[in-house]
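These notes concern the structure reproduced below.
What you see is a predicted model, and the numbers here were worked out from it, not measured in a lab. To find a chain, count down the sequence lines: A is the first, B the second, and so on, and within it residues start at 1. Atoms considered below: every heavy atom in the structure, side chains included; atoms not considered: hydrogens, waters and symmetry mates.
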Amino acid sequence: MKERLSVAFVAERQIPPAPPPAKTGGVVGWLRENLFSGIFNTVATLLSFAFVAYVLASVVPWLFLDSVWNASSLQECRKIDDGACLAVINERFLQFVFGFYPDGLRWRPVLAFALMFIAIWPALFASAPRKLLIFTGLYPLLAYWLIWGGSFWGPVGVLAGPVLGWACVRWLPGLMRGWLDERLVFLAAVGVGLLATVLWWLFGVTVFDDTLSAVLAVDLDSVESARLGGFLLSTIIGVSGIVGSLPVGIVLALGRQSNLLIIKACCVGFIEFIRGVPLITLLFVAWLLLAYFLPPGTEFDLILRVVIMVTAFASAYMAEVIRGGLAALPVGQYEAADSLGLDYWKSMQLIILPQALKVSIPGIVNTFIGLFKDTTLVIVIGLLDPVGLLQPIRADQNWNGIVWELYGFIALFFFIFCFAMSRYSMHLERNLDVGHR
Amino acid sequence: MKLKTTLVAATAAVAVSAAAQGATLDDVKAKGFIQCGVSTGLAGFAFTDSNGNWDGFDVTFCRATAAAVLGDANAIKFTPTTGKTRFTALASGEIDVLYRNTTWTLSRDVDLKFDFLGVNYYDGQGFMIRKDMGVASATDLNDATVCIQTGTTTELNLADFFRANNMNYDPVPIETNAEAQQKYLANACDVYTTDASGLAATRATFENPGDHIVLPEIISKEPLGPLVRHGDNAWGDIVRWVMNALIIAEEKGITAANVDSMASASTKDPEVKRLLGVEGNYGEMLGLAPDWAIHAIKTGGNYGEIFEKYIGENTAIGLSRGLNQLWTKGGILYAPPFR
């Protein structure tokens with residue numbers, strides 16, 4: 001006899017697991033949830049798909065199916081097919097990359113570019129061997145020598161300047177101690193060091209270069225600045241500007257917060273002046289005013305002038321971005337640094353700047369990207385960066401009238417660079433996130 | 001090397017005065033090349049070929065000058081200049097001569113302190129329209145929309161022309177020739193106006209050039225030629241006479257191909273003998289080698305050959321000689337006698 005139960009149903013065994021209903025799982029479920037949930041979203045999805053299909057329907061045949069890669073003129077392209085005339089990029093690719101850089105020497109900028117990645121590796125990724133930082137420090141001079149050529153001892157001589165200055169600061173106080181007031185010793189050493197560096201640059205480098213060249217000449221064929229162009233030029237200006245503007249910007253930002261009146265006034269004046277003037281104006285100053293002031297025939301390299309101006313411009317913006325980061329730190333951080341007995345430089349280096357810079361990363365990268373794109377403005381002073389090269393290429397009667405292909409190609413180049421920077425900044429933010437927000 | 005010269009120059013800059021006037025020829029010979037300012041790109045006149053070398057109508061005149069002075073058409077450094085930088089580049093000594101389709105005007109000659117040395121291309125402002133507009137003369141363009149480059153003399157000429165003919169127009173301001181092409185083809189304007197050579201070059205790039213016509217009216221004078229700084233007449237003479245030599249060469253039938261045989265005294269024409277240095281010491285007067293004109297002509301041929309190669313009727317630009325024909329053939333190209 002069956003025992004009467006007080007409940008209607010008892011599960012005697014576990015129900016075997018079943019897949020979720022088809023409507024809610026898998027591809028269909030995803031589609032229902034994300035694309036077709038409700039009437040409005042369904043319509044929006046369909047419209048978006050229609051738009052994408054419409055664009056692709058005209059771009060894909062134009063760019064891939066009907067495009068012409070081998071032709072010697074636009075007219076020939078049009079005869080072959082009615083898609084994009086990519087033959088112009090095929091023919092002028094090296095010109096876009098190197099400008100007018102001499103044919104046989106093009107391995108030099110390529111090598112410099114490849115070495116650049118080794119040089120920035122330790123700066124960008126903590127996993128890199130720390131000793132590489134020495135190479136990073138030497139890289140600018142190496143790249144300069146590779147790209148412009150000339151005697152190897154020139155850049156070495158330039159590098160010897162700061163070394164000389166540092167040596168003065170390091171050893172002179174010991175020698176002077178005793179017959180000079182203790183507080184003045186350090187100041188005097190710094191002064192002598194600076195003076196020695198400048199004098200060395202002005203007079204010593206030439207002698208140094210000539211002497212060593214006479215003993216052991218290490219020469220590369222020199223290439224004048226007028227021959228640089230295309231992406232090479234953009235990269236030179238962009239990378240030097242980026243590398244220069246961050247340290248200068250940090251110094252300016254700290255200077256702006258300083259309690260020392262003169263330093264503060266100088267920094268504020270510099271930042272506000274540069275930010276108040278368009279970059280184009282600064283480029284014109286670099287080109288035009290200096291062209292009038294310098295005696296005819298002097299070679300104050302135009303690209304160097306432009307790099308200085310671009311760096312100054314980006315530094316001012318960088319300073320404000322970093323000032324934002326400094327301001328975002330709670331005052332307790334400053335007090336904590338003080339209470340540990342750290343002096344100004346130590347507290348900045350160990351406590352304030354690491355946090356402030358981390359907060360500022362998006363803004364810093366934003367400035368970098370802006371700077372890199374701003375390099376195209378050099379076109380107004382007759383330097384032929386990629387956009388500048390469009391004009392003489394399109395003036396060739398073979399390619400006159402071509403527009404989209406060339407602009408698209410240049411846009412792609414800038415997109416790759418800027419997108420890479422933006423991805424790196426996101427990577428950095430993730431890595432440095434200690435979750436205390 | 002350069003870094004250190006740079007540093008030296010930067011500090012010494014103020015101390016040294018701008019005293020290098022009056023000896024451009026010596027400078028050029030000392031440095032071994034000519035610095036020539038050209039356009040950053042103008043169809044047929046200055047462009048880069050597939051090897052990255054500068055080429056074109058104006059560029060060839062530069063090269064001929066280098067060949068005449070230094071005996072080598074490649075002894076030259078080109079500085080691409082924009083409309084904004086060209087005069088500064090010349091005035092500051094960054095370039096020795098400017099061959100950049102620059103219109104000869106009084107203020108540029110006098111106020112900006114340059115010397116124009118002649119005209120290597122006579123241009124003038126014209127109009128291009130779509131054929132189906134059914135207009136045959138620029139005086140029928142009342143109430144038309146006109147694509148016009150802002151800040152140029154063409155803008156002023158246009159206003160003058162329409163006012164003089166009691167007509168109205170709707171300006172569509174544009175910045176560059178490339179922008180104008182796009183706007184015009186997209187029917188944003190009925191008329192595109194700029195120098196006639198530019199119109200012809202633009203029209204040649206269209207997919208269907210036959211659908212567009214350039215109206216017969218030319219509404220301005222645009223004599224384009226080379227210029228140098230005031231105050232160095234010897235150098236100016238050289239640039240002027242290289243250009244004249246190329247024009248005289250066309251007059252006398254001297255071409256790049258036959259210049260050597262002409263020079264080897266097969267000719268009886270005394271002016272040819274003088275030009276090619278067989279007779280007289282005209283090269284010496286200019287401070288050049290006796291065979292300077294031979295080098296100049298060998299560079300790209302005589303004026304006519306250069307014209308036909310870069311902008312003539314067989315090129316994509318397709319310009320007819322027009323005013324730029326020799327004076328003996330109905331044009332106004334006229335070089336002073338070589339004696």
When every non-hydrogen atom of A:F284 is compared with those of B:T85, the smallest separation belongs to CE2-CG2, 4.3 Å
Looking at B:N314, I want to see if its CG is surrounded by more than 12 non-hydrogen atoms of other residues, nucleotides or ligands under 6.0 Å. no
Top of A:Q75, A:R78, A:E91 for chain B proximity - count of heavy-atom pairs under 4.5 angstrom: A:R78
Partners of A:D82 by side-chain contact (heavy atoms from CB on, under 4.5 Å), sequence neighbours excluded? A:D66
For B:K309 and A:Q397, the nearest pair of non-hydrogen atoms, with its separation, is O-NE2, 4.0 Å
Below 4.5 Å, heavy-atom pairs only: which of B:S50, B:G56, B:A316, B:A89 has the largest tally toward chain A? B:S50
Please look at A:Y101 and chain B and tell me whether the side chain, the backbone, both or neither of the residue comes under 4.5 angstrom of a heavy atom of that chain. neither
Answer with side chain, backbone, both or neither: which region of B:F45 has an atom nearer than 4.5 Å to a non-hydrogen atom of chain A? neither
Kindly give the heavy-atom pair with the smallest separation between A:Q95 and B:D49, and that separation in Å. OE1-O, 3.2 Å
What residue among A:L383, A:L384, A:I379 forms side chain to side chain contact (heavy atoms under 4.5 Å, CB included) with B:P80? A:L384
Among the options A:G401, A:G99, A:P392, pick out the one with the most heavy-atom pairs lying under 4.5 Å from chain B. A:P392
Under 4.5 Å from a heavy atom of chain B, the part of A:V88 involved: neither
Do B:F47 and A:N400 touch side chain to side chain, with heavy atoms closer than 4.5 Å? no
Gap between atom NZ of B:K77 and atom CZ of A:F100 - 0.5 Å precision: 13.0 Å
Calculate, to the nearest 0.5 Å, the distance between atoms OG1 and CD1 belonging to B:T48 and A:I393 respectively. 5.0 Å
Around A:K79, counting heavy atoms of other residues, nucleotides and ligands shown, do more than 12 lie under 6.0 Å from its NZ? no
Mind listing the closest non-hydrogen atom pair of A:A395 and B:G41 along with its distance? CB-C, 3.6 Å
